[in-house]
Amino acid sequence: MTEVLHWFRRPRETEEEQERAILTNQIHETRCAIQRTYLQFNSTGDPDLIDAAVFDLKAEQARYSYLLRRLKSLDRAAEVLKAE
């Protein structure tokens, strides 16, 4: 019973914390996708599949860079708010 009451009393995550958690999860998923793409690239000999893997890798790397920039900007915004 005490555990249930503790669950109700725990503070809710702020929108910033929720967004940080989502971004962190997406970054992890993107890293995994990059690793899978490298495996596909290294395991194929077909020129068309190599081209496809290169395009996929470039797309995943661009997504990864975007997510990192968003996470960094979120951290900078949090620092500014704390300073005020």
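For clarity, every value in this text was computed on a predicted model and none was experimentally measured.
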From [X] [atom1] over to [Y] [atom2], what is the distance, rounded to the nearest 0.5 angstrom?
X: Asp46; Y: Asp51; atom1: CG; atom2: CG; answer: 9.0 Å
X: Cys32; Y: Ile27; atom1: SG; atom2: CD1; answer: 12.0 Å
X: Thr30; Y: Arg63; atom1: OG1; atom2: CZ; answer: 4.0 Å
X: Asn42; Y: Ile50; atom1: CG; atom2: CD1; answer: 9.5 Å
X: Thr14; Y: Glu19; atom1: OG1; atom2: CD; answer: 10.0 Å

Group every Ile, Leu, Val, Met, Phe, Trp and Tyr by side-chain heavy-atom contacts under 4.5 Å, then state whether [X] and [Y] land in the same group.
X: Leu39; Y: Phe55; value: no
X: Tyr66; Y: Leu74; value: yes
X: Ile22; Y: Tyr64; value: no

Side chain to side chain, Lys72 and Arg76, heavy atoms closer than 4.5 Å: yes
Single hit among Gln26, His28, Arg20 for side-chain contact (heavy atoms from CB on, under 4.5 Å) with Thr24: Arg20
Sidechain-backbone polar pair: Thr44 side chain, Phe41 backbone, donor-acceptor under 3.5 Å: no
